[in-house]
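The next block holds one structure in the form of structure tokens; read it before the comments.
A, B, ... follow the sequence lines: proteins, then strands. Residue 1 opens every chain.
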Amino acid sequence: MSEEKSLNFIEEIIEADLKSGKYKTIATRFPPEPNGYLHVGHAKSICLNFGLTQKYGGTTNLRFDDTNPVKEDVEYVDSIKQDVKWLGFEWANELYASDYFEQLYDYAVVLIKKGLAYVDDSTAEEIAAQKGTPTHAGTESPYRNRTVEENLELFADMRAGKYKDGEKVLRAKIDMAAPNMHMRDPLLYRIKHAHHHRTGDAWCIYPMYDFAHGQSDSIEKITHSICTLEFIPHRQLYDWCIEQLDIFPSKQYEFARLNMTYTLMSKRKLLQLVNEKIVDGWDDPRMPTISAMRRRGYTPESIREFCDRIGIAKRDNLIDVGLLEFCVREHLNKIALRRMVVFDPVKVVLTNYPENETELFTSEDNPEDPNTTSREIPFSRELYIEREDFMEDPPKKFFRLAPGQMVRLKSAYIIKCDEVVKDAEGNITEIRCSYLPESKSGNDTSGTKVKGTLHWVSVQHAITAEVRSYDRLFKIEDLSQAEGEINEYLNPDSLHITTNAYAEPALKTAKFDERYQFLRKGYYTLDKDTSEEKIVFNRTVTLKDTWAKEAKKG
RNA sequence: UGGGUUAUGGUGUAACGGUAGCACGACAGAUUUUGGUUCUGUUCGUCUAGGUUCGAAUCCUAGUAACCCAACCA
């Protein structure tokens, strides 16, 4: 019965570690730098790290990798916490690399005393030159052989603020000829007279990533430290620090980061979009950030499902954004309330329907739900339907309204098109139809079968709303192949605003935590720009549209 | 003139020497008061060349391709 789901390579390692008794329980961590908002690529990592400890038992810490005060900010800390929570995960401890600054300093002193670290007066340029190239060995710094005592004193002076930014650094003393560039006397500490969002002005030296991350893992007794592929070359240094310091041996494992078609996944470039006001902030619904997806109407469930489906492996990938859309449709189909909204209206007049009469039709909120509730929709003589649902000279498989053709109005009557009224320019201003009184929804004795069902709203009862429809932000599938400025690849049609859509009255009381399906259109949710004067909806995703595909075939 | 990582349908991901499977997409059909949903079916793959083996995606040898590494970023 239990259909075995195959394990990814990290799960295999964990199961082996648990089985061998290497660990009784596991510990992971999600270690964002608070220098930007989380995006869907981070969601993959979050689901992995938290998912592992949910599955195997154990704890996951949220640890902010805040070792570079000039780029970090509490705004990002707050957003990251909100996003992780919203995704549905609870961290065991909220921690900061900056919590360990004192400890890290002591570790540095240990290395100096062991003759494994030295203070270097070389400039950034000189150090870069000393590194050599991947194919040529580096050269040793002239300051490499300072005595332990001198290094100790100099390092203490660095901390005491006796030097300016860039004047001195602390370097590990490893091997300038190492084939791994990261082992060529990497920097451990640099001087930055900068205000830190947590430690304030207590420090003017800050540890580099390589001297903070592994030790932080070790301090927290992280068993499986999971990161992305580009950190593979760092692993040797990660292990070196832990071994020389003789501290808890956390182990690093690397998986391939998420890449998605038409989607920019670089925090740096996302920041650029925000700074250059190409988008309207980090939560602009076109952004791939968690906060943008939340605003746009994505559900945490659908994002988790997506992360589950894409899998964990070590090969580079480019996931079709269509898979994300599939996941959100799948969930929204189950939970969204059905409503009718006409975006581009054309008036239908039912010539045989009494004037001044209003009927109330009942329609289910969600046909997928066996216990569905329902709402009432007012119907009257004058209605709006979608302009694209009528054609004067339709192709063969057009099942909508056309002269002489019949359609069902959802939850109401079958109508037949009798006449088309046009203005002087030939634009259709009105479609005159007759309705079949005996075709009333749920009580149809007309015996008439129609192929098409249209959504509609009653003219006199309609409310208006603004609807924002989004499309992909970029024109090209693979942003990693984009050369030059990303601005060149922007999709000019990524946002379309319908300022005056006509909606059924039930939407007057739309709520922020509800999801809606506008029949035959897509899934929508209330935007935060909604006010007393204006109701604003965001389109989360369209419905699948096989007719659009058919029509395109011509 | 280096080191590292990875190669399975269009896109992802399994198969751990023994039937190349699953999902998304695409295509075809059924159902449908949403051209939605649901259901059924079809299409399409082991980077190349050798080798080991009764049997190779898997093991060996040699190639090829892609990605990563020379920030006082993480």
Side-chain angles (χ1 to χ4, degrees), chain A residues 5-8 12 31-33 35 65-68 70-72 120 122-124 127-138 165-171 177-184 187-192 205-206 208-210 212-213 227-236 254 256 261 267-268 309-320 322-327 329-330 333-334 338 340 363 367-368 397-400 407-412 414 439 441-442 444 450-455 480 517-522 542-551:
Chain A
K5 206 192 166 203
S6 56
L7 305 177
N8 64 50
E12 280 180 1
E33 184 190 10
N35 67 344
D65 231 330
D66 55 350
T67 57
N68 186 1
V70 302
K71 290 193 174 170
E72 296 153 6
D120 194 336
S122 306
T123 64
I127 289 174
Q130 290 160 15
K131 292 251 172 173
T133 70
T135 52
H136 291 282
D165 287 11
E167 244 183 284
K168 286 184 165 45
V169 293
L170 184 73
R171 280 231 254 177
N180 181 346
M181 299 293 289
H182 292 273
M183 299 303 277
R184 321 241 267 223
L187 267 63
L188 267 22
Y189 268 90
R190 76 291 214 189
I191 300 170
K192 277 180 194 285
I205 58 170
Y206 292 92
M208 299 288 290
Y209 166 85
D210 286 308
H213 201 100
C227 62
T228 46
L229 255 26
E230 64 269 28
F231 290 95
I232 289 176
H234 294 256
R235 190 176 60 225
Q236 198 182 352
E254 311 88 5
T261 53
K267 246 202 255 180
R268 209 194 85 241
R309 282 179 186 248
I310 57 179
I312 300 293
K314 297 190 78 152
R315 60 190 100 98
D316 287 337
N317 59 76
L318 183 61
I319 308 280
D320 189 338
L323 182 62
L324 213 211
E325 293 177 344
F326 167 83
C327 292
R329 283 192 189 107
E330 185 184 44
N333 179 50
K334 291 194 190 109
R338 312 293 131 125
M340 295 199 285
S363 193
E368 302 297 311
K397 284 192 263 183
F398 188 80
F399 303 141
R400 307 179 187 182
V407 293
R408 151 116 17 220
L409 294 177
K410 170 70 184 174
S411 297
I414 292 173
S439 68
S441 183
D444 185 348
V450 293
K451 287 209 138 168
T453 301
L454 305 187
H455 62 280
S480 74
Q517 185 198 98
F518 294 173
L519 247 54
R520 306 206 299 139
K521 284 293 187 181
T542 60
L543 250 29
K544 251 175 79 180
D545 190 352
T546 45
W547 167 245
K549 218 184 290 178
E550 185 68 33

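Using a 4.0 Å heavy-atom cutoff across all strands shown, A:K451 reaches no nucleic acid atom at all. Within 4.0 Å of A:Y209, counting heavy atoms only, lies at least one base atom of the nucleic acid. Heavy atoms of A:E368 sit under 4.0 angstrom from at least one base atom. Using a 4.0 Å heavy-atom criterion, one finds that A:S122 contacts the bases of the nucleic acid, with or without backbone contacts as well. Residue-level contact check: A:G442 touches the bases, meaning some heavy atom is under 4.0 Å from a base atom. Residue A:N180 is classed as having no contact, given no heavy-atom separation below 4.0 Å to the nucleic acid. In this structure, A:F398 reaches the bases: a heavy-atom distance under 4.0 Å links it to at least one base atom across the strands shown. Nucleic acid contact for A:L323: sugar-phosphate only, since backbone atoms but no base atoms lie under 4.0 Å from a heavy atom of the residue. Backbone-only contact: A:M208 has heavy atoms under 4.0 Å from sugar-phosphate atoms and none from a base. In this structure, A:L454 reaches neither bases nor backbone, as no heavy-atom distance under 4.0 Å exists between it and the strands shown. Counting non-hydrogen atoms under 4.0 angstrom, A:H234 reaches a base of the nucleic acid. Contact annotation for A:A124: base contact, defined as any heavy-atom pair under 4.0 Å involving a base atom. At a threshold of 4.0 angstrom between heavy atoms, the contacts of A:R184 with the nucleic acid are absent. A:T453 comes within 4.0 angstrom of the backbone, heavy atoms only, and of no base.
Taking the P atom of each, B:C24 and B:U42 are spaced 16 Å apart, rounded to whole Å. Going from the P atom of B:C73 to that of B:G17 covers 47 Å, rounded to whole Å. Using atom P as the reference point in both B:U8 and B:A66, the two lie 14 Å apart (nearest Å). B:U31 and B:G35 have their P atoms separated by 15 Å, with the value rounded to a whole Å. Taking the C1' atom of each, B:G25 and B:G63 are spaced 34 Å apart, rounded to whole Å. Comparing the P positions of B:U11 and B:U33 gives an interatomic distance of 39 Å, to the nearest angstrom. The gap from the P atom of B:U5 to that of B:G9 amounts to 22 Å, rounded to the nearest Å. Comparing the C1' positions of B:G12 and B:U52 gives an interatomic distance of 33 Å, to the nearest angstrom.
Map A:P179 and A:K544 each onto its nearest nucleotide of RNA chain B; the residue landing nearer the 5' end is A:P179. If A:N317 and A:E330 are placed on RNA chain B by their nearest nucleotide, the residue sitting closer to the 5' end is A:N317.
Distance check, rounded to the nearest 0.5 Å: CD of A:E368 to CD of A:Q517 gives 8.5 Å.
Pairs of Watson-Crick or G-U wobble type, with distances under 3.5 Å, assemble into runs of 3 or more in RNA chain B at these ranges: B:2-7 with B:64-69, B:10-13 with B:21-24, B:26-30 with B:38-42, B:47-51 with B:59-63.
For A:F231, the ring-ring contact (aromatic ring centres under 6.0 Å, His included) test picks out A:Y209, A:H234, with sequence neighbours left out. In this structure A:K267 satisfies the side chain to side chain donor-acceptor pair (under 3.5 Å) test together with A:N35, sequence neighbours excluded. The side chain to side chain donor-acceptor pair (under 3.5 Å) check on A:D165 picks up nothing, with sequence neighbours excluded. For A:E325, there are no side chain to side chain donor-acceptor pair (under 3.5 Å) partners, not counting sequence neighbours.
Although no hydrogens or angles enter the test, the distance criterion places a donor-acceptor pair under 3.5 Å between the side chain of A:R329 and the main chain of A:T542.
Protein chain A touches strand RNA chain B; the 5'-most and 3'-most nucleotides with an atom under 4.0 angstrom of its non-hydrogen atoms are B:U1 to B:A74.
Looking at every heavy atom in both residues, A:H182 comes nearest to A:P233 through CD2-CB, 3.5 Å. A:G132 and A:R184 get closest at one heavy-atom pair: C-NH2, 3.8 Å. Nearest heavy-atom pair across A:S439 and A:R408 is O-NH1, 2.8 Å.
For the pair A:T546 and A:E550, the minimum side-chain heavy-atom distance is 4.5 Å or more.
For the side-chain contact (heavy atoms from CB on, under 4.5 Å) test with A:I205, the passing option among A:I191, A:L170, A:V169 is A:I191; the others fail.
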